[in-house]
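Structure record follows, encoded as structure tokens.
We number each residue from 1, following the sequence as shown.
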Amino acid sequence: MSAHRFATAALLLSVAACSSKPAPTFEPLKLADGRVIPAQTLSRGHAVYTHYCASCHGEQGDGQGPAGRGMRPVPRSFRQGLFKFGGVAAGELPTDDALKRTLRRGLHGTPMFAWDVPDSDQDAVIQYLKTFSPRWKDEPPGQPLSPTPDPWKGREPEAVERGRVVYHVAGAGNAGCASCHVAYLPRAELAALMEKALGRKVDLSKVDPYTSQPRDSEHAVAVDAKGEPTQTAKVLPPDFLFHPLRTVWPEGDTVEGAPYTAERQREDLYRVIAAGVGGAAMPTWKGAIPEENLWALAYYVQSLVRLQDTDEARALKERLRTSSAVQ
């Protein structure tokens, strides 16, 4: 047994020994995809969850753990069976691989750390999470939406230019992301780009493309005695120049023990854009727009992420504010 595994096992045994509650017993869990999770796996998963997860996510998996109170974003309620980054179409149950990715990496800009625990503990706790929501007994996980080959490889300037159109224009194979996030073009340039893409003028005189509004989500911030949501949160779509993205790290960081390259970052952006964000207003774009436009969006958003917290980003914001004020 490695030193790390020994330390983890010793710590879990210590937690179990100090707990005043008897360890629960489990029956095998039959999932809708046909798998049967053995009782001993659930028991192991319960021990791992109690040690690593319950303080924030709550013993009952309702997101109401004592350390999670006051956190923003609030810890996930596993009782809802809703997951933001499931690697499948938004709203479907996630794959085990996607859940493991979140465990291994954590969520950037949140209190959800990357947990360096043995693979067997990761597997066990992921199966245990499925005891909290009946959805796992009724629905199989969605089909994984893995990245396709990058059609813009070696042509980054072209991809960014295409992505700029896909981001700002709605319809005609474009996503129109700016309608929920914010626009990154001065008003006159935005109007000209829309006219060129759509073949008609668009009246922007009565809209504010530079201020995003909080959107409804299904994520619980308060629950009743049964763990059912009594209040849900509104979510502000991220401004890519300033807000950290949950599943994207700065280029050059080390993620999962390997250099986080530009290519890895684009793939992560593609994955979220393609799948959408479960429980939030971000829809699934896979199949809704051409695949090359999905990849172009990843390139364009990456170009914005690279500007985060720079003088260039602040100068662009000032240009946008001025452009809005003079209309």
query: For the atom pair CZ (R35) and NZ (K30), what is the distance rounded to the nearest 0.5 Å?
result: 13.5 Å
task: Decide whether V248 and W285 are clustered together by the hydrophobic rule: side chain heavy atoms of Ile, Leu, Val, Met, Phe, Trp, Tyr closer than 4.5 Å, transitively.
output: yes
field: Distance (rounded to the nearest 0.5 Å) between Y49 OH and F132 CZ
entry: 4.0 Å
query: Going through the checks in order, is the side-chain contact (heavy atoms from CB on, under 4.5 Å) test met by Q265 and V305?
result: CA-CA 10 Å; Q265 188 185 65; V305 169; 4.0 Å; yes
- prompt: Do L320 and P186 have side chains that get closer than 4.5 Å, going by heavy atoms?
  reply: yes
message: Let's go through V166 and E292 carefully: what are the C-alpha distance in whole Å and the side-chain angles of both, what is the deciding distance for side-chain contact (heavy atoms from CB on, under 4.5 Å) to 0.1 Å, and is it a yes or a no?
response: CA-CA 10 Å; V166 178; E292 62 181 2; over 6 Å; no
field: Greater than 12 external heavy atoms within 6.0 Å of F242's CZ
entry: yes
query: Between L236 and V182, is there a shared hydrophobic cluster once you connect ILVMFWY residues whose side-chain heavy atoms come closer than 4.5 Å?
result: no
message: With a 4.5 Å cut-off on side-chain heavy atoms, are V125 and V117 touching?
response: no
message: Can a donor-acceptor pair be found, under 3.5 Å and without considering hydrogens, that links the side chain of Q308 to the backbone of H243?
response: yes
message: With a 3.5 Å distance limit and no angle check, can you tell me whether S43 reaches the backbone of Q40 through a side-chain donor-acceptor pair?
response: no
- prompt: What pair of heavy atoms forms the shortest contact from P94 to V88, and how long is it?
  reply: CA-CG2, 4.1 Å
message: Do the side chains of E156 and R306 get close enough for a salt bridge, i.e. N-O under 4.0 angstrom?
response: yes
task: Please assess K130 against D96 for the test side-chain contact (heavy atoms from CB on, under 4.5 Å), listing each intermediate value before the final yes or no.
output: CA-CA 11 Å; K130 299 172 183 176; D96 286 2; 2.7 Å; yes
- request: Report yes or no: does S179 contribute a side-chain atom to a donor-acceptor pair with the main-chain N or O of G176 at less than 3.5 Å?
  value: yes
message: With rounding to the nearest 0.5 angstrom, report the NE2 to CG distance, H108 to L245.
response: 8.5 Å
query: Taking 4.0 angstrom as the limit, do E189 and R164 come out as a salt bridge?
result: no
message: Under 3.5 Å, is there a donor on one side chain and an acceptor on the other for D239 and Y184?
response: yes
Heavy-atom closest pair, residues A197 and V169: CB-CG2, 3.9 Å
query: Is there a donor-acceptor pair under 3.5 Å between the side chain of T284 and the backbone N or O of A275?
result: yes
query: Okay, side chain of N293, backbone of G173: is any donor-acceptor separation there less than 3.5 Å?
result: yes
Spatial distance of atom CZ (R101) from atom CZ (F85) [nearest 0.5 Å]: 10.5 Å
message: Quiz question: by atom type and distance under 3.5 Å, do the side chains of Y260 and D268 form a donor-acceptor pair?
response: yes
message: Taking A183's backbone N and O only, do any of them form a donor-acceptor pair with H168's side chain (distance below 3.5 Å, no angle check)?
response: no
- prompt: Is K153 close to E263 at the side-chain level, that is, under 4.5 Å between some pair of heavy atoms?
  reply: yes
task: For atom CD of E291, decide whether the heavy atoms of other residues, nucleotides or ligands shown that lie under 6.0 angstrom number more than 12.
output: yes
message: Can you confirm whether H181 sits close enough to Y167 that some side-chain heavy atom of one is under 4.5 Å from a side-chain heavy atom of the other?
response: yes
task: Any chance you could measure E139, atom CD, to D33, atom CG, to the nearest 0.5 Å?
output: 11.5 Å
message: Please give me the minimum heavy-atom distance between P141 and W136, naming the atom from each residue.
response: CG-CZ3, 4.4 Å
query: Less than 4.0 Å between a side-chain N and a carboxylate O, is that true for R264 and D253?
result: no
query: Are any non-hydrogen side-chain atoms of Y210 and R321 less than 4.5 angstrom apart?
result: no
- line: For A90 and M282 the tightest heavy-atom approach is CB-O, 4.1 Å
- prompt: Linking I/L/V/M/F/W/Y whenever any side-chain heavy atoms sit under 4.5 Å apart, do I126 and I37 land together?
  reply: yes
message: Do T41 and Q127 pair up side chain to side chain, a donor and an acceptor below 3.5 Å, judged on atom types alone?
response: no
- prompt: Got a sec: does the CD of Q143 have more than 12 other heavy atoms crowding it under 6.0 Å?
  reply: no
query: Any side-chain heavy-atom pair from T322 and R319 closer than 4.5 angstrom?
result: no
field: Point-to-point distance, once rounded to the nearest 0.5 Å, from OG1 of T50 to OH of Y128
entry: 6.0 Å
field: Close side-chain approach of R105 to T247, heavy-atom, < 4.5 Å
entry: no
- request: Decide whether L103 and L93 are clustered together by the hydrophobic rule: side chain heavy atoms of Ile, Leu, Val, Met, Phe, Trp, Tyr closer than 4.5 Å, transitively.
  value: yes
query: How far apart are the closest heavy atoms of W295 and E267, and which atoms are they?
result: CH2-CG, 4.1 Å
Polar contact flag, side-chain donor to acceptor under 3.5 angstrom, T95-D97: no
field: Non-hydrogen side-chain atoms of V165 and N174 separated by less than 4.5 Å
entry: yes
message: Would the distance check show the side chain of R215 and the main-chain N or O of A281 forming a donor-acceptor pair, the cut-off being under 3.5 Å?
response: no
message: For a side-chain contact (heavy atoms from CB on, under 4.5 Å) check, start with the C-alpha distance between L297 and I289, then their side-chain angles and the critical distance, and finish with the verdict.
response: CA-CA 11 Å; L297 262 182; I289 60 177; 4.2 Å; yes
- prompt: Between P209 and R187, which heavy-atom pair has the shortest distance, and what is it?
  reply: CD-NH2, 3.7 Å
task: Anything under 30° is parallel, anything over 60° is perpendicular, the rest tilted; go ahead and classify H46 against F26.
output: tilted
query: Cluster question for you: counting only ILVMFWY and a side-chain heavy-atom cut-off of under 4.5 Å, with indirect links fine, are M71 and F78 together?
result: no
